[in-house]
J.: 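This is the structure I want to talk about, given as structure tokens.
Any value given below was found using the heavy atoms of this structure, including those in side chains, with hydrogens, waters and symmetry copies removed.
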Amino acid sequence: MITFTLCLLALIAGYFFYGRFVERIFVPDDRHTPALTKTDGVDYIPLPTWKIFMIQFLNIAGLGPIFGAIMGAKFGSASYLWIVLGSIFAGAVHDYLAGMLSLRNGGESLPEIIGRYLGTTTKQVMRAFTVVLMVLVGAVFVAGPAGLLANLTPTRLDATFWIIVVFIYYIIATLLPVDKIIGKIYPLFAIALLFMAIGILVMLYVHHPALPELWDGLQNTHPKSAVLPVFPIMFVSIACGAISGFHATQSPLMARCMTSERHGRPIFYGAMITEGIVALIWAAAATYFFHRNGMEETNASVIVDAITRDWLGAVGGVLAILGVIAAPITSGDTAFRSARLIVADFLGMEQKSMRCRLYICIPMFLAAIGLLLYSLRDKDGFDMIWRYFAWANQTLSVFTLWAITVYLACEKKGYSYCITYLPALFMTAVCATYICVAPEGIGLDVRCTLPVALSAAVLAGSCFSIWYWFFKSNKNIGK
């Protein structure tokens, strides 16, 4: 428990110290925000800061900090380190700066921000890539909650029934103004999710299980360690618990509701640190579960249900499960909402009228239904969709980090860009290596991990160095 406690304190300290350092680099000011200058009653609506924080936290949470952390815990205590270091130095920086750039540029969607700094071609690719990822999120985040709801209700209300119910909710929440459903019930769901995390945290200290410590070593404890190395598999599996490109698609939704740039650190950086804490708690609880029951169980829903019922009792367990159910459902509907706004930005289509919203949403809903039918018909369908989602999610974070790095190199003095340059290099190596060695990728031998990672990092670093040299040269000529 010593390592767990130190990691928990490190996350909290990271918000107050490194978060403030990043904020000083960006320099928020008192200019008017899009919520005040572009109010439309649908997507640009001023909301209270505490409510925006709760919505942002719930939007980015999804299955990642719970299911991802549980899957990551199988790799041993290395998962603790990645959750802490990834959240502080990569994930929270990524979320904060992506959100603030959207805020500075009229509430722009993520592909527009990426295109602003990486060029028009990249913007066009990211428009398609991001919309596909959002549809994947919507499909992936239906099956998990539907299964949990089926376990809590009579047998006649099976998973298929709940998938239909959740999808109807998706449609309603995606089309209605942000303050009608999202602004009213999401804070309540966020409180349920936080209650669950705090309850598990308290019980960790009550039971005081003998968790592995860092000084015991960082060996890979996964039962399939021979084919699933810590690098890069663990770094993709934990996903939203450390860094996630999906988060940067959600930040513009809240940037359109903020009334001051100075609220950015608690909303964007703070929500990611909170998610890191939730992920750390679940990684520790899962480690305890695996030590007692072995690692044969692969269904994260079963592990969540067992831990909450054992530690929080029947009532507490139901409340905790409701929090776990709410997180992915709410991430799914805001994924569709984000996709709608990305397409609207691309087409230049206003979103005040319901008709225009339907023009965009109907094709996306049909595509998501197709993915759902595939996942239900094929027993391995969901696992396949999840793995591709996880890789695409982290790949999007790579493009976002490089776009922010270019912004910092252009707009800020000295080596400020290093706060995203180093995470961008690392995540480039992770994503390139994953698609090369993972079974659903090229499937290279795991011995290729290091050469592929180094090659990807060197190539990306060289490209940036060449660009930076030309940028500085042209800037000096201009003087």
J.: Are the side chains of Leu253 and Cys257 in contact, using a 4.5 Å heavy-atom criterion?
T.: no
J.: Give me the atom names and distance for the closest heavy-atom approach of Thr400 to Ala248.
T.: CG2-CB, 3.9 Å
J.: For Ser416, give me all partners under side chain to side chain contact (heavy atoms under 4.5 Å, CB included), at least two apart in sequence or on another chain.
T.: Ile25, Lys412
J.: Sequence neighbours excluded, which residues qualify as side-chain hydrogen bond (donor to acceptor under 3.5 Å, both in side chains) partners of His94?
T.: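 Applying side-chain hydrogen bond (donor to acceptor under 3.5 Å, both in side chains) to His94 gives none.
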J.: Can you establish whether the number of heavy atoms outside Phe16 located under 6.0 Å from its atom CZ is more than 12?
T.: no
J.: Fit a plane to each ring of Phe167 and Phe365, take the angle between them on a 0 to 90° scale, and name the class: parallel (under 30°), tilted (30 to 60°) or perpendicular (over 60°).
T.: perpendicular
J.: Ile233 versus Phe75: any side-chain heavy-atom pair under 4.5 Å?
T.: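 The answer is yes, as the side chains (C-beta and beyond) meet within the 4.5 Å cut-off.
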J.: Side chains of residues 80-87: which donor-acceptor partners sit under 3.5 Å, not counting sequence neighbours?
T.:
unit_1: Ser87; atom_1: OG; unit_2: Ile83; atom_2: O; d: 2.6
unit_1: Ser87; atom_1: OG; unit_2: Gly241; atom_2: O; d: 3.1

J.: Measure up the Tyr421 and Tyr417 rings against each other and bin them: parallel (under 30°), tilted (30 to 60°), perpendicular (over 60°).
T.: perpendicular
J.: Are Thr433 and Thr449 linked by a side-chain donor-acceptor pair shorter than 3.5 Å?
T.: no
J.: Of all the heavy-atom pairs spanning Ala255 and Gly99, show the shortest one and how long it is.
T.: CB-O, 3.9 Å
J.: Please tabulate, for the side chains in residues 187-197, all donor-acceptor contacts under 3.5 angstrom to protein atoms that are two or more places apart in sequence or on a different chain.
T.:
none

J.: Indicate the atoms forming the closest heavy-atom contact of Phe21 with Ile419, along with that distance.
T.: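 Result for this residue pair: CE2-CG2, 3.8 Å.
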J.: With no hydrogens and no angle check, just 3.5 Å: does a side-chain donor-acceptor pair link Asp333 and Tyr169?
T.: yes
J.: Tell me whether the rings of Tyr96 and Phe26 are parallel (<30°), tilted (30 to 60°) or perpendicular (>60°).
T.: perpendicular
J.: How are the rings of Phe399 and Phe129 set to each other: parallel, tilted or perpendicular (split at 30° and 60°)?
T.: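 Tilted.
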J.: How close do Ala279 and Ala69 get, counting heavy atoms only, and between which atoms?
T.: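 So the two residues come closest at O-CB, 3.3 Å.
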J.: Just jot down the ring pair (Phe, Tyr, Trp, His ring centres under 6.0 Å) partners of Trp311, sequence neighbours excluded, or say none.
T.: His207, Tyr288
J.: Is a donor from one side chain sitting under 3.5 angstrom from an acceptor on the other, for Thr395 and Tyr434?
T.: no
J.: Can you list every salt bridge (charged side-chain N to carboxylate O under 4.0 Å, His left out) pair that touches residues 254-264, not counting sequence neighbours?
T.: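 Qualifying pairs, neighbours excluded: Asp30-Arg262, Arg31-Glu261, Arg104-Glu261, Arg256-Asp345.
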J.: If you measure only the distance, is there a donor-acceptor pair under 3.5 Å linking the side chains of Trp162 and Thr153?
T.: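 Side chains of Trp162 and Thr153: pair found under 3.5 Å.
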